[in-house]
Amino acid sequence: MAAPDTQTLPEATRRQILIMSRDKPALKPLLLTFGHIQTAMAACRVHIQPPDVSGIELDIDRLRQGTPLLEQLSSLEIDIRLKETAAMLLPVLAESFPALADAADTLGKALEHETAVRACTALITNGNDEDLDCLADSLSMDAAELGFLLDWLGKPALEAVAAALAPLLEEVPWNFWDKGYCPVCGGTPSMSMLKQGEQEPTEYLKNSSAQRWLCCPSCAHTWRFRRTVCPSCGHDEQENREYYHVEGQTLERVELCRECNHYMLTMDVRDRITTPDHRLAPLSLLHLDMVAQQKGYEPLTELPWNMPAQPA
């Protein structure tokens, strides 16, 4: 990955990267790379029209049954703006991931044609692995590389949709959604944050004023979740859980679940003046990814920086 400098980053992003890398200087190049991607995505969102959700009413029963909003609202029109987004984001992705530079160039040239724009837009909004394979063949691209690039190109629109739908979820009690996947898009969380607030009573957590919020890397939505429950398997047995943190860094930890063999990164932000951007914060916990994987655990959500090494 290329490592740009901080000068072209927005002040808030630059400050966050400097804070997160202060005690972990080795992570600064990685933080800078994804900081520039997030900056480009923010620029893309400016051109995206959020959907009109004024006439939408939540189906509470389906929500309690675990059906994410986008699955409930399959007819919702999503403004992808794929050509504009690709023109702004593909060059940044090519610079950030040099191994994908050729794939980014191929996709960019393909999107000069409306047929490819329609096909890629359909894949982003409602595609599957079979559709991805067919489209990759038609564009003479590797399916995994095409899927990776389209995931990024779809994020600005998905984040805009999630931001528009979030107020609807605020109208119902938080515990109506007790799933470890996103109530908006169904994505699995990249991390959890402990925030100040009244804690649900449990026999394990007494006199604790913290709420646990899970963070979706797909649409950037965050939702409250029970502190003692594993988001991966739903178990609430503390004897099957293990917690690890680096000495002197008690506000950052990894939670290991022996029941399902997955782990979750957690950051306690109760004493912070500003809450870190959860799209960048997991990068500062990469050392905990390494610890958990060395112990034989798998990430609940695979991200570009935490994918376990495959056996040769």
Under 3.5 Å, sequence neighbours excluded: what are the donor-acceptor pairs made by side chains of residues 100-110?
unit_1 : atom_1 : unit_2 : atom_2 : d
D105   : OD2    : K109   : NZ     : 3.2
T106   : OG1    : D102   : O      : 3.0

- Query: How would you list, by chain and number, every residue that makes a side chain to side chain contact (heavy atoms under 4.5 Å, CB included) with D52, sequence neighbours excluded?
  - Reply: S54
- Task: With the side chain counted from C-beta on, respond yes when Q293 and E298 share a heavy-atom pair under 4.5 Å apart, and no when they do not.
- Result: no
- So H221 and L169, side chain to side chain contact (heavy atoms under 4.5 Å, CB included) or not? Walk me through it. CA-CA 11 Å; H221 183 69; L169 291 169; 3.6 Å; yes
Sequence neighbours left out, cut at 3.5 Å: what donor-acceptor pairs do the side chains of residues 134-156 make with other protein atoms?
unit_1 : atom_1 : unit_2 : atom_2 : d
S138   : OG     : L135   : O      : 2.7
D142   : OD2    : A144   : N      : 3.1
D142   : OD2    : E145   : N      : 3.0
K155   : NZ     : P217   : O      : 2.7

Side-chain polar contacts of residues 112-125 - donor-acceptor pairs under 3.5 angstrom, sequence neighbours left out - could you list them?
unit_1 : atom_1 : unit_2 : atom_2 : d
T121   : OG1    : V117   : O      : 2.7
T125   : OG1    : T121   : O      : 3.0
T125   : OG1    : A122   : O      : 3.3

- Item | Non-neighbouring partners of D277 that pass salt bridge (charged side-chain N to carboxylate O under 4.0 Å, His left out), sequence neighbours left out | R279
- Task: Applying side chain to side chain contact (heavy atoms under 4.5 Å, CB included), run through V269 and R272 and close with a yes or a no.
- Result: CA-CA 5 Å; V269 300; R272 300 212 179 190; 4.2 Å; yes
- Do C185 and S218 come close enough that some side-chain heavy atom pair is under 4.5 Å? yes
- Query: Are any side-chain N or O atoms of R212 and backbone N or O atoms of R226, one a donor and one an acceptor, separated by less than 3.5 Å?
  - Reply: yes
- Can you name the residues that form a salt bridge (charged side-chain N to carboxylate O under 4.0 Å, His left out) with R241, not counting sequence neighbours? E255
- Message: Determine whether a donor-acceptor pair (N or O, by modelled atom type, separation under 3.5 Å) exists between the side chain of D133 and the backbone of E130.
- Response: no
- Sub-3.5 Å donor-acceptor pair from the side chain of K24 to the main-chain atoms of S284, do we have one? yes
Give the table of side-chain donor-acceptor pairs shorter than 3.5 Å for residues 72-80, with sequence neighbours excluded, one pair per line with atom names and distance.
unit_1 : atom_1 : unit_2 : atom_2 : d
Q72    : NE2    : T67    : O      : 2.9
D79    : OD1    : R81    : NE     : 3.2
D79    : OD2    : Q49    : N      : 2.8
D79    : OD2    : R81    : NE     : 3.3

- Item | Minimum heavy-atom distance between P231 and L214, given as atom pair plus value | CB-CD1, 4.0 Å
- Task: Kindly check if the number of other-residue, nucleotide or ligand heavy atoms within 6.0 Å of CG (D271) is above 12?
- Result: no
- Query: Taking the six-membered ring for Trp, are the ring centroids of W174 and F225 within less than 6.0 Å of each other?
  - Reply: no
- Task: Kindly work out whether a path of hydrophobic side-chain contacts (I/L/V/M/F/W/Y, heavy atoms less than 4.5 Å apart) joins L158 to F34.
- Result: yes
- Message: If hydrophobic clusters are built by linking Ile, Leu, Val, Met, Phe, Trp and Tyr wherever their side-chain heavy atoms come under 4.5 Å apart, do L280 and I37 end up in the same one?
- Response: yes
- Message: Just by distance, no angles: are the side chains of Q238 and Y243 close enough, under 3.5 Å, to form a donor-acceptor pair?
- Response: yes
- If two hydrophobic side chains count as joined below 4.5 Å and joins carry through other members, does L32 share a cluster with M41? yes
- Kindly indicate whether the side chain of L70, heavy atoms from C-beta on, has any atom under 4.5 Å from the side chain of L165. yes
- Item | Of all pairs that satisfy side-chain hydrogen bond (donor to acceptor under 3.5 Å, both in side chains), the ones with a partner from residues 181-192, not counting sequence neighbours | T188-T301, S192-T266
- Message: With clusters defined by side-chain heavy atoms of hydrophobic residues (ILVMFWY) lying less than 4.5 Å apart, directly or transitively, does L31 cluster with L93?
- Response: yes
- Message: Applying salt bridge (charged side-chain N to carboxylate O under 4.0 Å, His left out), can you list everything that pairs with R45, at least two apart in sequence or on another chain?
- Response: E159
- Query: If you count the non-hydrogen atoms of other residues, nucleotides and ligands that lie under 6.0 Å from CD in E11, is the total more than 12?
  - Reply: yes
- Does Q249 have any side chain to side chain donor-acceptor pair (under 3.5 Å) partners at least two apart in sequence or in another chain, and if so, which? none
- Item | Single-linkage hydrophobic cluster, 4.5 Å side-chain cutoff, M264 and L283 together | no
- Item | side chain to side chain contact (heavy atoms under 4.5 Å, CB included) between L251 and M267, intermediate numbers included | CA-CA 6 Å; L251 301 183; M267 181 180 289; 5.9 Å; no
- Task: Determine whether L69 and I56 make a side-chain contact, defined as any pair of heavy atoms from C-beta on separated by less than 4.5 Å.
- Result: no
- salt bridge (charged side-chain N to carboxylate O under 4.0 Å, His left out) involving K195 - partner list, sequence neighbours excluded: none
- Gap separating the CD atom of E239 from the CD atom of E259, nearest 0.5 angstrom: 9.5 Å
- Message: Checking R64 now: which residues fulfil side chain to side chain contact (heavy atoms under 4.5 Å, CB included) with it, not counting sequence neighbours?
- Response: I60, F176
- Got a donor-acceptor contact below 3.5 angstrom from the H235 side chain to the C230 backbone? no
